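What follows is one structure encoded as structure tokens, with my remarks underneath.
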Amino acid sequence: MEPRTFLQRLLARPEFGPFVLLVGEIIVFTLMAPSFLSTGNISNLLAFTPELGMIALGMTMLMTSGEFDLSVGSVFGFAPIIMWTLYNTGATSLEVGFIAGMLMAVVVGFANGWFVTKLKIPSFLVTLGMLLVVRGTALYLTDGFPQGRWSADSPLMDIIVGDFYIGQLRIFTSLLWFIFFALILGYILTQTKFGNWIQAAGGNASAASARGVRVARTKVILFILTSVMAAFAGIVSSIRVSSANPNSGTGYELEVIAMVVIGGTALNGGRGTIIGTVLGVLILRLMRNGIVMVGVPGLAYNIFIGAIILAMMSLHSWLERRHHAGT
Amino acid sequence: MVNENELIRMEHISKYFGRVRALDDVTLAVNKSEIVGLLGDNGAGKSTLIKILSGALRSDSGDIYIDGRKANIRNTTDAIAYGIETIYQDSALVTQLSIARNIFMGREPIIGPGFLNRMDQAAMNDAARDLLKQVGITKNIPPATPISALSGGERQAVAIARALHFESELIVLDEPTNNLGVEETQGVLRFVRAARDSGHSCIFIAHNIYHVFQVVDRIVVLRGGKKVADDIDPKTTTIEAVEKIITGLVGVTPA
Ligand SMILES: Nc1ncnc2c1ncn2[C@@H]1O[C@H](COP(=O)(O)OP(=O)(O)OP(=O)(O)O)[C@@H](O)[C@H]1O
Ligand SMILES: [Mg+2]
């Protein structure tokens with residue numbers, strides 16, 4: 001095993017492909033539509049990117065442990081419904097409503113984890129069922145109508161989605177939350193004992209549990225984490241757009257999983273990267289924004305997303321094979 | 001019957017798979033610092049016997065004693081806690097993780113305040129580097145290398161290194177030399193000797209009798225789920241004679 005150069009190591013990193021793609025995307029969009037890099041557009045991008053991004057961070061941890069969660073979009077929609085319904089009907093304060101919404105997410109995440117680890121039902125089926133249960137509950141409780149948001153002034157709102165200006169750039173605090181979670185989860189995944197358990201559980205669960213790794217507990221914790229991140233993102237989003245729609249978050253589960261795998265995390269576990277996910281989130285969000293700005297019809301968005309997923313998966317699998325052959 | 005030098009004793013073990021009798025009243029003892037070769041034709045029951053010892057299967061009847069005390073091995077975690085390490089090709093390693101992370105998997109050392117849960121990766125890498133040397137890997141393989149980048153023999157070495165580090169008393173190797181080249185096979189045999197020299201016991205299963213003859217102190221033969229020989233000394237017995245016992249072409253030695 002000859003020592004490899006810095007460049008070779010860089011090329012072999014799973015984040016390298018997504019990084020190149022992101023840079024290329026920015027260059028192409030800027031050349032075609034110079035206003036792409038305007039402060040207005042960047043503020044706009046930074047406003048909604050953290051919402052899906054936070055779900056993607058949680059999903060990265062879960063997918064590294066070999067599971068995934070299709071119910072995140074419905075939790076994203078339901079958590080703000082709980083918070084605003086409790087507040088608007090005068091039942092509780094906003095803070096208590098917030099806690100109630102998060103507790104719902106803990107229960108949903110725990111239930112997902114319990115079905116998957118105790119009853120050994122594949123996470124695809126468990127979380128598909130949970131998606132329908134949670135979405136159905138949200139629609140039933142609201143009769144399908146959005147919960148309008150009346151006035152609330154609580155310090156909680158500023159903490160979750162305040163905004164401030166850096167020069168002309170309007171920044172929402174949700175961006176700071178996203179960065180904060182990315183740093184914490186990145187640290188956990190790569191530096192901690194728990195992070196090693198996550199990767200071991202996803203890579204070879206039976207070998208890991210034979211060595212004393214608590215595989216089931218690890219996975220349950222990650223299901224809860226993912227669900228809680230989705231609920232928090234949903235509440236952030238509802239405050240930003242001033243409404244809680246029982247249908248919001250529909251389809252997010254697949255977009256989030258796409259972001260995670262584009263970034264280089266393996267769909268079947270054992271390998272995960274938070275840096276890659278941050279890149280994957282930016283790639284898809286810039287794509288959605290840029291396509292519209294350069295004048296491609298918004299409805300064509302999915303064609304590009306699909307193509308990116310296929311291209312990135314081919315790249316990752318090629319790197320993987322070359323890596324194995326080369327040693 | 002009490003033997004001070006005895007590490008493990010499996011007594012009157014029987015195991016049925018439906019109506020197939022895989023093991024019939026087998027008794028197997030391993031002494032401290034002893035390498036026992038377990039031989040037998042395909043389907044003789046070798047893997048079944050050691051799976052019972054490593055907690056992957058439960059016997060229908062029979063007991064296991066470790067250091068003279070009765071042991072209750074319900075799963076692989078129990079077996080590891082009793083100091084029994086089983087090495088099959090690959091299966092006990094996480095191929096995506098590094099050598100060091102695999103060696104310490106489940107028992108990662110922590111550095112700094114406990115709530116930060118930070119792994120001591122420097123200590124893990126140092127220990128892994130020493131261990132690889134100890135099991136005779138002379139190539140300079142960085143401990144951060146993922147298992148997927150290692151050859152079959154090197155993977156066996158990592159598993160053996162882990163057993164050495166956590167002071168497993170008994171290392172069980174089920175066909176560890178399958179699919180390995182000449183050089184790698186010699187490597188594995190060297191690791192096994194190294195393990196014995198540092199006071200560990202081994203059960204070594206292989207179809208290649210020549211490999212078995214090179215390392216073991218004593219040979220036990222199973223045939224059709226029964227033990228047919230217990231005390232073959234590879235120094236005083238010929239390979240041909242052992243082959244005859246395995247295939248059943250000579251009279252059964254009383255077990
Ligand atoms: N899970 C199982 N279900 C049913 N029968 C089994 C099972 N495992 C083993 N057997 C049977 O038990 C007998 C002993 O099998 P075992 O795997 O212990 O043999 P072995 O000595 O390891 O053979 P080999 O040298 O081919 O590995 C065989 O007849 C086998 O078909
Ligand atoms: Mg076998």
Side-chain angles (χ1 to χ4, degrees), chain A residues 1-4 8-9 12-14 63-66 183-218 221 264-273 316 319-327, chain B residues 54-56 75-81 84-88 90-112 114-122 124 137 139-151 154-155 158-159 162-163 166 168:
Chain A
M1 198 160 304
E2 66 286 359
R4 294 192 292 168
Q8 276 172 313
R9 275 207 308 274
R13 287 192 68 90
M63 282 174 60
T64 307
S65 81
L183 291 175
I184 299 254
L185 295 182
Y187 167 79
I188 291 177
L189 191 57
T190 58
Q191 303 299 317
T192 68
K193 177 169 173 160
F194 185 66
N196 205 40
W197 287 23
I198 294 172
Q199 297 175 57
N204 186 343
S206 62
S209 66
R211 309 299 309 173
V213 172
R214 311 271 295 266
V215 172
R217 200 176 62 161
T218 303
I221 291 174
T265 295
L267 184 61
N268 42 14
R271 181 163 51 79
T273 151
H316 290 313
L319 284 175
E320 189 92 325
R321 260 178 294 126
R322 203 188 54 152
H323 183 63
H324 283 203
T327 43
Chain B
S54 64
N75 51 44
T76 47
T77 314
D78 284 349
I80 290 171
I84 299 167
E85 183 86 19
T86 309
I87 296 169
Y88 325 86
D90 258 14
S91 65
L93 300 170
V94 179
T95 54
Q96 293 94 335
L97 288 178
S98 71
I99 296 173
R101 281 172 177 259
N102 263 283
I103 289 178
F104 289 93
M105 186 166 75
R107 303 177 221 188
E108 299 85 349
I110 295 285
I111 190 170
F115 73 94
L116 287 181
N117 197 243
R118 183 160 161 229
M119 276 192 305
D120 192 347
Q121 300 197 62
M124 286 163 56
I137 292 211
K139 254 201 301 182
N140 180 26
I141 303 178
T145 312
I147 299 296
S148 59
L150 301 182
S151 72
E154 288 161 352
R155 295 179 191 202
V158 172
R162 179 165 70 184
F166 288 107
S168 303

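Protein chains get the first letters and strands the later ones, always in sequence-line order, with residue 1 at the start of each. Please read these numbers as outputs of a predicted model, since none were measured by experiment.
- Using a 4.5 Å cut-off between heavy atoms, B:Phe166 contacts chain A through its side chain alone, with no backbone atom that close.
- Across all their heavy atoms, A:Ala200 and B:Met105 have their closest contact at CB-SD, 3.5 Å.
- The two atoms that bring B:Leu93 and A:Asn204 nearest to each other are O-ND2, 2.9 Å, heavy atoms only.
- Side chain of B:Asn117 to backbone of A:Phe194: a donor-acceptor contact under 3.5 angstrom is found.
- Contact residues of residues 184-191 of chain A toward chain B are A:Tyr187, A:Thr190, A:Gln191 (heavy-atom distance under 4.5 Å).
- Residue B:Thr77 comes nearest to A:Ser209 through the heavy atom pair OG1-O, 3.3 Å, listed as atom of the first residue, atom of the second, then distance.
- Separating the OG1 atom in A:Thr192 from the CE atom in B:Met119 is a distance of 6.5 Å, to the nearest 0.5 Å.
- For chain A, no part of B:Ile111 is nearby; none of its heavy atoms comes within less than 4.5 Å.
- The backbone N or O of A:Gly203 lies less than 3.5 Å from no partner atom in the side chain of B:Thr95, so there is not a single donor-acceptor pair.
- Atom-to-atom distance recorded for A:Arg211:CZ and B:Glu108:CD is 10.5 Å, nearest 0.5 angstrom.
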Handout entry: Verdict with supporting geometry, B:Ile110 and A:Lys193, side-chain contact (heavy atoms from CB on, under 4.5 Å)
Key = CA-CA 7 Å; B:Ile110 295 285; A:Lys193 177 169 173 160; 3.8 Å; yes
